[in-house]
Novice: 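Below is one structure. I have some questions about it.
Every chain is numbered from 1, with letters handed out A, B, ... down the list of sequences. No experiment lies behind these values; they were computed from the predicted model shown.
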Protein chains: 2
Amino acid sequence: MGVGGKQQVNKDATVPDNRVITSADVAREAGVARSTVSRCLSGDGRISEETRQRVLETAERLGYQINQIARSMNRRKSDLVGLVTSGLEDPFRVQFLHHLISAIQKIGYRPLVIDVSEPEHMSRSMLHLLQYQVAGVVVTSGSPSPEIGQHFIRRNVPVVLVNRAGLLEGADVVNCDNEAGGRLAAEALLAAGKRHLGFLNMSGGTYSGNARGEAFVAAIAPRLASGEVRFTPLGCRSADYDGGFQAGVEILGRPDAPDGIFCGKDHIALGLMDAARFELGLKIPQDLAVVGFDDITASSQRAYGLTTIRQCAEDLAELTVSRLARHISGPEGGAMARAVLPVELIRRTSA
Amino acid sequence: MGVGGKQQVNKDATVPDNRVITSADVAREAGVARSTVSRCLSGDGRISEETRQRVLETAERLGYQINQIARSMNRRKSDLVGLVTSGLEDPFRVQFLHHLISAIQKIGYRPLVIDVSEPEHMSRSMLHLLQYQVAGVVVTSGSPSPEIGQHFIRRNVPVVLVNRAGLLEGADVVNCDNEAGGRLAAEALLAAGKRHLGFLNMSGGTYSGNARGEAFVAAIAPRLASGEVRFTPLGCRSADYDGGFQAGVEILGRPDAPDGIFCGKDHIALGLMDAARFELGLKIPQDLAVVGFDDITASSQRAYGLTTIRQCAEDLAELTVSRLARHISGPEGGAMARAVLPVELIRRTSA
DNA sequence: TTGTATGCGTTATCAA
DNA sequence: TTGATAACGCATACAA
């Protein structure tokens, strides 16, 4: 029945240097209570300037680093922000991820990245984030099932969806202006004198892609009705360079091919351009005008000079994080909102 | 001991559903101790199959999710792996980051990404990771000051450095085979009949870049000595497309320009090619042969067809993580090691 | 302004 | 095989 059977605990007055320094060590050294140390490091105002100085100095001297895990445990909230991504082979997404990481750091949080390769694991992966007491979640890809929003609402964890259909309950949505983009693309191709237009995107398509295509068609609708202009919907197997290239070879080889094509993503457009030039021997923009979407870095390279709709990855990231921050520090259950990032037509040589 | 029927829902459970479920709730429902629940979920073998089933079932039914923060607190080790990056505008690095994230997830850990924009904050940022009780750290960029290795050794946190000089005490190093790459590039240019060679990289240069350049020069040394071949070191302002383009305009405009150039990174090579073709009107590879390094996706595009030294980002990531995993689960203070990833010459049309 | 006492959810230790 | 209990390092309510 050895109730007392505890072993001797080594509580020296001095701090052995093979152990990690805790706030208790700092407190002992500075001659204050642990709670005082905690208050100093949490920026709690109710502390005298003198003790604050002494404690911070001692902490510095001992090389004390706060244990974020313990802090999170106590607060039941960590300073981690979950980043749910997928399709990181897409350069625009990756560029966006980069800026997202910076933006999250800038508001004093840390990104915990989850890459969801299989879409069906999406929801499970998002729930996983709850295990880390995340302060918020950004979903840049994939489609979470709408009902899991409840879990985040109940635990008061804000969620922001970027560039996807806003189907998650209680989540903020941030989009680039796909409608304006589609319209601008139409205007550019029409201004270039093209009369047989096409929209090339991955068959089936994503939310963003469809929105762009629909806006494009809506913009040319009057001229379509008057018979002044023709339109052909086009599809490719994958939303990347190879998809664009293959589709280009196929489409442009046909007798009655479009002479002005709007692509759902820049990479598709680059593949299309290469197919046109190197497989079909077409001149751009004389024989074929091309407009892309995103303005990835390759588009501005001399070999392409792609005219495109620019959505600024950095601005999109800032916007996303500002939404998130508002909810993290804000009142519980703020109304969900929709934010739209302006886009811009970048004129180069392809249209 | 009524076995919980399937139709038994939260209604008669003792757990109020506005609260987060803890292991104590599961224990109460399943009629066992908290420690038993813990053992079941940790995969601790010493448990009867019957209780294990009951507990797991109960946990599932209640929607219990383990609190990783609390677990980490107790174990004094989290399942997070710190990823120290910078220069994410470089497409190869980003691609590598993508594979690194996947690889870390695959071994059951979570990536905690830190982007270090200012190199001087490098060491401080790395130390920050210790606050999260990370299980390991991967440094893909920047140069940590050698002495901070001690902090990680003392806390038994393995560190792997990728593609940098192995200056951190106690850290494993993973590199691609820069030496073989430099040699292969030299052979390719010589085989193309070029006799005035150059190595173009950012002035000052990085560890990897210098290693590649030195190997290149070493490979042509015999022919250099015999006067059969000439060599000119070249520099650009930035290690990207623009840097390569600007350098190209300047260098290739000179009367005695090289006719075969090895670039430290693909992006530099792409800029150089565009400068050669569109500014100088040169034919590639007739007037100028170019070899790059990395094999980023753009290099294989039809508009470039860059002959390059390929380092596979995915293999590099796998190698990196396998090293890390060895140390995480392995014995304390395993000897530091150096791993080298093979590279391969990809012949396209630029040389 | 500062100290004391308690709890956060988990795992590890020990006893049964 | 299972249960009781003591940490883990911090923050906070309450007391002084």
Novice: With nearest nucleotides of DNA chain C determined for A/A33 and B/A24 from heavy-atom distances, which residue corresponds to the more 5′ nucleotide?
Specialist: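 Going by which nucleotide is closer to the 5' end, it is A/A33.
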
Novice: In whole angstrom, what separates B/Y64's OH from C/dG9's C1'?
Specialist: 7 Å

Novice: Which part of the nucleic acid does A/S38 contact within heavy-atom distance under 4.0 Å: base, sugar-phosphate only, or nothing?
Specialist: base

Novice: Treating B/S145 as the side-chain partner and B/E147 as the backbone partner, does any N or O pair qualify as donor plus acceptor under 3.5 Å?
Specialist: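 Not confirmed, B/S145 side chain does not pair with B/E147 backbone.
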
Novice: Considering every strand and a 4.0 Å limit on heavy-atom distances, what is the contact class for A/V37: base, sugar-phosphate, or nothing?
Specialist: nothing

Novice: If the threshold is 4.0 Å, N to carboxylate O, is there a salt bridge linking A/D79 and A/R71?
Specialist: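 Answer for the salt bridge query: no.
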
Novice: Rounded to whole angstroms, how far apart are CG on A/N74 and C1' on D/dA11?
Specialist: 4 Å

Novice: For nucleotides 13-16 of chain D, give me every protein contact, N/O to N/O, under 3.5 Å, one pair per line with atom names.
Specialist:
none

Novice: I need the CZ-C1' distance between B/R34 and D/dA4, as an integer number of Å.
Specialist: 9 Å

Novice: Between A/L41 (CG) and D/dG9 (P), how many Å, whole number?
Specialist: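 Result: 16 Å.
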
Novice: Do A/N67 and B/Y132 come within less than 4.5 Å of each other through their side chains, counting heavy atoms only?
Specialist: no

Novice: Determine the contact category for B/T51: base if any of its heavy atoms lies under 4.0 Å from a base atom, sugar-phosphate if only primed atoms, P, OP1 or OP2 are that close, otherwise nothing.
Specialist: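 Here B/T51 touches the backbone only, sparing every base.
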
Novice: Compare all side-chain heavy atoms of B/R93 with those of B/T140 and state whether any distance is below 4.5 angstrom.
Specialist: no

Novice: Within the structure, does a side-chain N or O atom of A/S72 lie under 4.0 Å from either OP1 or OP2 of D/dC10?
Specialist: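 No, A/S72 has no side-chain N/O under 4.0 Å of OP1/OP2 on D/dC10.
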
Novice: Rounded to the Å, how far apart are B/I69 CD1 and C/dG9 C1'?
Specialist: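 Interatomic distance, CD1 of B/I69 to C1' of C/dG9: 11 Å.
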
Novice: Atom OH of A/Y132 and atom P of C/dG9: how far apart are they, to the nearest Å?
Specialist: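 After rounding, the gap between these two atoms is 18 Å.
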
Novice: B/Q133 or B/G31: which one's nearest nucleotide on DNA chain D is closer to the 5' end?
Specialist: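 It is B/G31 whose nearest nucleotide is closer to the 5' end.
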
Novice: Let's go through B/E118 and B/H121 carefully: what are the C-alpha distance in whole Å and the side-chain angles of both, what is the deciding distance for side-chain hydrogen bond (donor to acceptor under 3.5 Å, both in side chains) to 0.1 Å, and is it a yes or a no?
Specialist: CA-CA 6 Å; B/E118 297 103 45; B/H121 293 162; 2.9 Å; yes

Novice: Look at the side chain of A/R76 and the backbone N and O of A/Q133, then say whether any donor-acceptor pair between them is shorter than 3.5 Å.
Specialist: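 The answer is no, because no donor-acceptor pair under 3.5 Å joins these two groups.
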
Novice: Check salt bridge (Lys or Arg N to Asp or Glu O under 4.0 Å) between B/R52 and all other residues, then give those that pass, not counting sequence neighbours.
Specialist: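 For B/R52 the salt bridge (Lys or Arg N to Asp or Glu O under 4.0 Å) partners, ignoring immediate neighbours, are B/E49.
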
Novice: Of all the heavy-atom pairs spanning B/N175 and B/N163, show the shortest one and how long it is.
Specialist: OD1-CA, 3.0 Å

Novice: Between B/A70 and B/E49, which is nearer to the 5' end of DNA chain D once each is assigned its nearest nucleotide?
Specialist: B/E49

Novice: If you compare every side-chain N and O of B/R76 against the phosphate oxygens of D/dC8 (OP1, OP2), does one of them come in below 4.0 Å?
Specialist: no

Novice: Under 4.0 Å: is that the gap between some side-chain N or O of B/S23 and OP1 or OP2 of C/dG9?
Specialist: no

Novice: Determine whether a donor-acceptor pair (N or O, by modelled atom type, separation under 3.5 Å) exists between the side chain of B/S42 and the backbone of B/R39.
Specialist: no

Novice: If an axis is fit to five pairs at each end of the helix from C/dT1-D/dA16 to C/dA16-D/dT1, what is the angle between the two, to the nearest 10°?
Specialist: 30°

Novice: Would one find a side-chain N or O of B/T36 under 4.0 angstrom from OP1 or OP2 of D/dT2?
Specialist: no

Novice: Give me the atom names and distance for the closest heavy-atom approach of A/A337 to A/D172.
Specialist: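 Reported closest heavy-atom pair: N-OD1, 2.9 Å.
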
Novice: So what does A/I66 touch, heavy atoms closer than 4.0 Å: a base, only the sugar-phosphate, or nothing?
Specialist: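 If one applies the 4.0 Å heavy-atom cut-off, A/I66 turns out to touch the sugar-phosphate alone, with no base involved.
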
